[in-house]
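Heads up, the thing below is written out as structure tokens.
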Amino acid sequence: MAFSNIMDSNSYSGGVATDPATEELISARERMLGPAYRLFYERPVHLVRGRGSHVFDADGVRYLDAYNNVVSVGHCHPRVVGAVTRQLETLNTHTRYLHEGIVAYSDRLLATLPEQVDQVMYACTGSEANDLALRVAAMHTGARGVIVTGDAYHGNTEAVTAISPSIGSATTIGPHVRTVAAPDSYRYGDQVSARFLADVQRAIAELQASGHGLSCLIVDTFFSSDGIYPDPSVLGPAVEAVHAAGGVFIADEVQPGFGRTGEAMWGFTRHGVVPDLVTMGKPMANGLPVAAMAARSDVLETFARGVPYFNTFGGNPVSMAAAGAVLDVIADEQLVANAAHVGAALRDELSRIAAAHPRISDVRGAGLYVGIEIVAHPDSKTPDRTAAHDLVNAMRDRRVLISVCGSDGNVLKVRPPLVFSMSDVDWFCSEFSGAVAELR
């Protein structure tokens, strides 16, 4: 079976003993869903209930969820549950009927974005939103060429699979796609912005020479699947180069958006750039399938006047109710500030632990998004995929859920719900310190 970096660096592969009930459930899942699906961890976790930043398995054992940005305001937040329940009891239909919900939510969402980004379209998943953004960019520019980072993930439709190299060798990067190295500030330091700009300029030249032309640069503004690189200096010059060449910039905010960085609502804000298109999904409605593409109306115009758009479930009243409740919770519970405060405490404590263990060579991030670089030897920056995998599974056995990312699968990915608390930091760091002490 082909290896996918994003799917298989922390996936269940069998052979590790679990209890009979779990084995039976795994077997039934594999029999009916087929081999394309993946499970986390050497010993998969059977979750049945969640609240806030904690989840519970079938035996009632409590885990600390330090991974899920989907339920960004916490598992089963009562305000989201209440909003969904009330709307589901009243009406749920599609956007070809008038309904106040989608208009009211759009007004609130656009108010969080730069004034130039003034229109929004809805879908169900981040994959669909990115697919739509590619279509809009191509029609606006009259070109097809796309620039992505070397281990990017932008979704699973045919169009976005072609711009998602992290999916692995089973998929084919499109001939209209050029990759650039992620802005690895850990290894390149002060040179990272210049290197990233040079790579983007090279890719632009290649696309123009090939006849594809330049349609867009699309990046996750935290470079999440590439290894979590938060340096805010890298995007500005690259976006200027893209605009100068007639392309557009698509900010994929599916992971860094909705306050995760602790500095602003959107990841691109940290970079001081205004995107032409912004895509969002996962945390938008705390687990309900909602996604959107926000756009500058001048960029959207060619597509919007030429292509009638309809998405049966995108922007339905129940989804809009959930998404509105998420905005309420983010504001009322001051979750952006919480991400900044608790995230800083988490990184400080992790840095203290790292100082005593040289194979933990870098702790980086912003807000409640942290990458922890694991290397093979204290005197090198050589990635250690095996040690990172072992730490992820050791944390799982200690009832703390994290994952990995990066082209070498060696960066621990810590991305908890935004309601993560100081007591959660204490729990996380206590178990992490113990897991690191046992690292071979």
Side-chain angles (χ1 to χ4, degrees), residues 10 40-41 45 47-57 61-84 126 220 222 224 228 230 253-267 280-291 322-347 349-350 365-372 392 395-396 398-405 412-432:
N10 175 30
F40 278 143
Y41 311 116
V45 182
L47 298 179
V48 299
R49 183 167 60 91
R51 178 66 67 169
S53 54
H54 303 163
V55 288
F56 300 81
D57 71 11
V61 176
R62 183 174 62 143
Y63 291 74
L64 179 63
D65 184 354
Y67 179 74
N68 274 296
N69 78 319
V70 178
V71 286
S72 62
V73 300
H75 291 272
C76 301
H77 195 289
R79 292 183 69 177
V80 179
V81 172
V84 169
D220 164 345
F222 223 66
S224 304
I228 306 176
E253 292 285 330
V254 170
Q255 294 199 61
F258 291 95
R260 176 150 298 276
T261 70
E263 297 177 32
M265 192 70 163
W266 305 105
M280 59 198 79
K282 285 183 174 67
M284 192 171 175
N286 215 46
L288 267 72
V290 185
V326 167
L327 292 184
D328 290 338
V329 173
I330 289 173
D332 294 347
E333 298 186 11
Q334 300 181 336
L335 292 186
V336 179
N338 187 71
H341 174 64
V342 176
L346 176 61
R347 291 192 305 280
E349 184 61 17
L350 289 172
L368 282 170
Y369 211 153
V370 181
I372 306 169
V392 166
M395 291 293 280
R396 174 258 177 265
R398 290 171 172 270
R399 313 294 188 257
V400 177
L401 305 180
I402 60 172
S403 192
V404 289
C405 60
L412 304 185
K413 184 177 186 178
V414 182
R415 186 192 57 182
L418 299 182
V419 294
F420 216 62
S421 67
M422 295 302 290
S423 63
D424 291 334
V425 170
D426 292 342
W427 181 358
F428 184 97
C429 291
S430 175
E431 298 301 341
F432 185 68

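When a residue number appears, it is its place in the shown sequence, counting from 1.
- For Phe40, the ring-ring contact (aromatic ring centres under 6.0 Å, His included) partners at least two apart in sequence or on another chain are Tyr67.
- In this view, Ala325 and Val80, Ala83 satisfy the side-chain contact (heavy atoms from CB on, under 4.5 Å) rule, not counting sequence neighbours.
- Between Gly257 and Pro283, the closest heavy-atom pair is O-CG, 4.4 Å.
- Every side-chain contact (heavy atoms from CB on, under 4.5 Å) that Glu263 has, sequence neighbours left out, goes to Thr261, Arg270, Ala366.
- Between Trp266 and Pro256 the shortest side-chain heavy-atom distance does not fall below 4.5 Å.
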Assess the residue pair Val404 and Leu412 against the criterion (side-chain contact (heavy atoms from CB on, under 4.5 Å)); give the C-alpha distance rounded to whole Å, side-chain angles, the decisive distance to 0.1 Å, and a yes or no. CA-CA 4 Å; Val404 289; Leu412 304 185; 3.9 Å; yes

Name the atoms and distances for all side-chain donor-acceptor pairs under 3.5 Å in residues 327-339, with sequence neighbours left out.
| unit_1 | atom_1 | unit_2 | atom_2 | d |
| --- | --- | --- | --- | --- |
| Asp328 | OD1 | Arg108 | NH1 | 3.2 |
| Asp328 | OD1 | Arg108 | NH2 | 2.8 |
| Asp332 | OD2 | Arg79 | NH1 | 2.9 |
| Asp332 | OD2 | Arg79 | NH2 | 3.1 |
| Glu333 | OE2 | His77 | NE2 | 2.7 |
| Asn338 | ND2 | Leu418 | O | 2.8 |
| Asn338 | ND2 | Phe420 | O | 3.0 |

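- Between the CZ atom in Arg260 and the CZ atom in Arg415 there is a gap of 6.5 Å [rounded to 0.5 Å].
- Around the NE2 atom of His54, the shell of radius 6.0 Å holds more than 12 heavy atoms that belong to other residues, nucleotides or ligands.
- Summarising the geometry of Leu346 relative to Cys429, their closest heavy-atom pair is CD1-SG, 3.9 Å, with the distance given to 0.1 Å.
- In this structure Arg396 satisfies the salt bridge (charged side-chain N to carboxylate O under 4.0 Å, His left out) test with no other residue, sequence neighbours excluded.
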Begin with the C-alpha distance, continue with both residues' side-chain angles, and end with the deciding distance and a verdict on side-chain contact (heavy atoms from CB on, under 4.5 Å) for Phe258 and Lys282. CA-CA 10 Å; Phe258 291 95; Lys282 285 183 174 67; over 6 Å; no

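- In this structure, the side chains of Arg399 and Leu64 stay at 4.5 Å or more apart for every pair of heavy atoms.
- Counting all heavy atoms, side chain and backbone alike, Val254 lies closest to Gly281 at CG2-N, 3.7 Å.
- When all heavy atoms are compared, the tightest approach of Cys76 to Arg51 is O-NH1, 3.0 Å.
- Partners of His75 according to the ring-ring contact (aromatic ring centres under 6.0 Å, His included) rule, which considers only residues two or more places apart in sequence or in another chain, do not exist here.
- Atom CD1 of Ile402 and atom CG of Asn68 lie 13.0 Å apart (nearest 0.5 Å).
- Between the side chains of Asp424 and Ser421, at least one donor-acceptor pair of N or O atoms lies under 3.5 Å.
- Summarising the geometry of Ala285 relative to Ala323, their closest heavy-atom pair is CB-N, 3.9 Å, with the distance given to 0.1 Å.
- Taking CZ from Phe428 and OG from Ser53, the interatomic distance works out to 12.0 Å, rounded to the nearest 0.5 Å.
- If you take CD on Glu349 and CZ on Phe432, they are separated by 10.5 Å, rounding to the nearest 0.5 Å.
- Rounding to the nearest 0.5 Å places CZ of Arg398 at 8.0 Å from OG of Ser430.
- Shown here for Val425 and Val342, the closest heavy-atom pair between the two residues is CG2-CG1, 3.5 Å.
- Separating the OH atom in Tyr41 from the CG atom in Asn10 is a distance of 5.5 Å, to the nearest 0.5 Å.
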